[in-house]
Engineer: 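If you scroll down you'll find the structure; I have some questions about it.
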There are 2 protein chains.
Amino acid sequence: MNHTQLRSFHAVAAEGGFTAASRVLNVGQPTITSQVKALERHFDVELFHRRGRRVELTEAGGKLFRIAQRIVSLEAEAEDLLNAYGGFQAGHLHVGAVGPYHATEMLSAFSKRYPGVRLSVTVGNSMEMAERILDYSVDVAVLAHVEDDPRIYAMPYSRHPVVVFVNKSHRFAKRRRIRLAEMEGEPMVLREVGSTTRLAFETAIREAGVTIEPVMAIGSREAVWLAVARGIGIGVVSDIEFIPHPDLHTVEVADADIYTTAHVNCLAERRESRLIRAFFDMAEELKTPRNVTFI
Amino acid sequence: MNHTQLRSFHAVAAEGGFTAASRVLNVGQPTITSQVKALERHFDVELFHRRGRRVELTEAGGKLFRIAQRIVSLEAEAEDLLNAYGGFQAGHLHVGAVGPYHATEMLSAFSKRYPGVRLSVTVGNSMEMAERILDYSVDVAVLAHVEDDPRIYAMPYSRHPVVVFVNKSHRFAKRRRIRLAEMEGEPMVLREVGSTTRLAFETAIREAGVTIEPVMAIGSREAVWLAVARGIGIGVVSDIEFIPHPDLHTVEVADADIYTTAHVNCLAERRESRLIRAFFDMAEELKTPRNVTFI
DNA sequence: TCATACCTATTGGAAAATACGATGAATCAT
DNA sequence: ATGATTCATCGTATTTTCCAATAGGTATGA
């Protein structure tokens, strides 16, 4: 069953004539004639009585028309569906993030621009996110870490200094900036091995020849924060992730360039997928200060 | 929305793979790939996740698949419908006849051969039948008269002698055959002007130089039959149309070849329409004595 | 770890479907 | 009649669809 023929038949039946059908389908009238005729000949069935310049459905034609109408309507439905997805009026973007900090800005901007697209956020560590990218359970992920995997594409998003934060009773509490050497032997509360912030910090102090005293390694940002608030030691954190607390003060590091870079990641082969590209484009805009728009 | 693409998409989703889909659709695998890809690119939507050698529907793909399945199923329904009509498992043939006499043989043969085709019979005179053929309200008509209209096609079916019939008390009642000349001055009960039987008879007696005495002209076969039974006059009838009656006898005409010919008629342009052609073919077979079939 | 089997993607060129334009024939309204 | 409208026909041209060969990738088993 040729679909072009069915489509022509339907238009003729619906519009009540071959010429009218040809206008609706944006083709020439001879095309309609030949399509309908081919359909009739293929099944050896009369679909229309040609009564002069008027056409009239036969019994078989009438029955076919009812079916054809449902097909055409479903096709319109399919087209709407695809347009909705292609036009961001529908769809679902799964976003992964190592913490809500970097992602929130992007998420709110994205949902504002594309209100029709549902968003869901999965929080987990970098390795989990990499896995989820690879098995399609997240579409994009905002990570500090850059995966060493050619299948994953990463775009740098923002660079945030790593700061030290201390309890208000600590000797650093009144300072704005300290030097790395001053931290020699300081008791420190750290994140688990593999934390990007920890890695950046440890690399810096190693290069500076400074040794610190890790008193605790905790697998959660909030737990570290709490431990520092209780005065167990000093902590390090990406400044954007720091949550203010009456008992806590942040201190910049004066003599080293310690930072983490948030990246937006996705599966490399899905880089051009509509929703993913939209997310990256939007992240790109957030990253660079927007130019003034002249109307 | 290109239907070939949708069809390819559906097959991939239903079969779970591009290669499997290509086998179902009897096309090459590259065709499927390009069709699905074109569909995805046209709407800028991902329909499948290509996970190595496995494919998996995306959210949009899943929704599209549900619609596509209904479309495909409706197309199968349409195809079945058309096949049924083309294969005589469905359909409706409107048959017209001037009297039930000639038509019954054909009707019973037709309904026996094509049990799936509904038949309806309209009885009326030749002129009415011609009109009904022209306005599509009958498909074929069995008439004695041959319409003088190029739009109507007629096939001779059977030739029946016109016989005289008389009351049992008439002087012809004991005869098997009479000559035309013997009818000179006989009172006759005739059909209305325009009756084919009447026309054939009048032509014959005019050629023979015989004059008759029309005492009554009645617009119905049955009424003529009744009038003759009451002894009002003698009648003429096509032998196949004669209905026996205890008071009536038929008498052949010895010296003239008076006959009517039943024709099967249809709209010339519909001559090749499936059901109509089938009816004509069957009539053709009934007309000619069937050959012995060797198994 | 290598080989094998199976799958999807790509490309260039051939085949087929589809469309167009001009024209003819029939019908309807004026 | 006449002009306008409509469906049918024919030959040609364009677009779509398809295939064959081939590449690249991923599982499975020896």
Side-chain angles (χ1 to χ4, degrees), chain A residues 1-42 46-58 61 134-136 149-152 267-273, chain B residues 1-42 46-58 61 134-136 149-152 267-273:
Chain A
M1 246 252 306
N2 189 318
H3 187 260
T4 309
Q5 295 169 1
L6 187 68
R7 193 59 226 252
S8 295
F9 160 79
H10 175 266
V12 173
E15 301 299 321
F18 285 64
T19 303
S22 75
R23 280 193 286 265
V24 169
L25 297 183
N26 288 313
V27 295
Q29 167 266 312
T31 302
I32 304 291
T33 295
S34 74
Q35 294 289 351
V36 172
K37 189 168 280 277
L39 183 60
E40 289 182 313
R41 197 171 47 200
H42 181 264
E46 280 185 310
L47 296 172
F48 295 104
H49 293 315
R50 276 81 162 172
R51 327 185 54 163
R53 58 198 267 185
R54 189 150 315 189
V55 293
E56 191 174 89
L57 283 168
T58 62
L134 291 175
D135 79 355
Y136 294 84
D149 188 320
R151 292 173 298 178
I152 293 181
L267 201 56
E269 69 184 34
R270 298 184 70 203
R271 173 101 178 73
E272 291 306 317
S273 166
Chain B
M1 246 254 303
N2 188 316
H3 187 261
T4 310
Q5 296 167 1
L6 187 67
R7 196 57 226 255
S8 294
F9 160 78
H10 176 265
V12 173
E15 302 299 321
F18 285 64
T19 303
S22 75
R23 280 193 287 264
V24 169
L25 296 183
N26 288 312
V27 297
Q29 166 268 314
T31 303
I32 304 291
T33 294
S34 73
Q35 294 289 351
V36 172
K37 189 166 280 278
L39 183 61
E40 290 182 315
R41 196 171 46 199
H42 181 265
E46 279 185 310
L47 297 172
F48 295 104
H49 293 314
R50 277 82 161 170
R51 327 184 56 162
R53 59 198 266 186
R54 189 153 313 187
V55 293
E56 191 175 272
L57 284 168
T58 62
L134 291 174
D135 78 355
Y136 293 85
D149 189 320
R151 293 172 296 177
I152 293 181
L267 202 56
E269 69 185 34
R270 298 185 70 204
R271 172 101 179 73
E272 291 307 316
S273 166

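Letters go in sequence order (proteins before strands), and every chain restarts at 1.
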Engineer: Quick check: do Q35(B) and R7(B) have side-chain heavy atoms less than 4.5 Å from each other?
Structural biologist: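 Sidechains of R7(B) and Q35(B): no contact.
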
Engineer: Under a plain distance cut-off of 3.5 Å, with no hydrogens placed, do E46(A) and S273(B) share a side-chain donor-acceptor pair?
Structural biologist: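 Side chains of S273(B) and E46(A): pair found under 3.5 Å.
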
Engineer: Where the side chain of K37(A) is defined as all heavy atoms beyond and including C-beta, which of dT9(D), dT10(C), dT6(D) is the nearest nucleotide?
Structural biologist: dT9(D)

Engineer: Sugar-phosphate means primed atoms, P, OP1 and OP2; the rest is base. With that split, encode nucleotides 16-22 of chain C 5' to 3' as B, S or - using protein heavy atoms under 4.0 Å.
Structural biologist: --SBBBB

Engineer: Going by the angle between their ring planes, with limits at 30° and 60°, are H3(A) and H3(B) parallel, tilted or perpendicular?
Structural biologist: parallel

Engineer: Tell me whether the side-chain N/O atoms of T19(B) come closer than 4.0 Å to OP1 or OP2 in dC7(C).
Structural biologist: no

Engineer: Please tell me which of V12(B) and R151(B) maps to the more 5' nucleotide of DNA chain C, matching each residue to the nucleotide holding its nearest heavy atom.
Structural biologist: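 Going by which nucleotide is closer to the 5' end, it is V12(B).
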
Engineer: Between dA9(C) atom P and F48(B) atom CZ, what is the distance in whole Å?
Structural biologist: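 After rounding, the gap between these two atoms is 10 Å.
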
Engineer: What integer distance in Å separates H49(A):NE2 from dA8(D):P?
Structural biologist: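 After rounding, the gap between these two atoms is 14 Å.
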
Engineer: Just how far is it from atom NE2 of H42(B) to atom CD of Q5(B), taken to the nearest 0.5 Å?
Structural biologist: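 Going from the NE2 atom of H42(B) to the CD atom of Q5(B) covers 7.5 Å.
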
Engineer: Report yes if at least one side-chain N or O of T33(A) is closer than 4.0 Å to OP1 or OP2 of dC7(D); otherwise report no.
Structural biologist: no

Engineer: Starting from P on dA27(D), measure out to CZ on R50(B) and report it in whole angstrom.
Structural biologist: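 Going from CZ in R50(B) over to P in dA27(D) covers 16 Å.
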
Engineer: Testing T33(A), I32(A), T31(A), V27(A) for side chain to side chain contact (heavy atoms under 4.5 Å, CB included) with Q29(A), which one passes?
Structural biologist: T33(A)

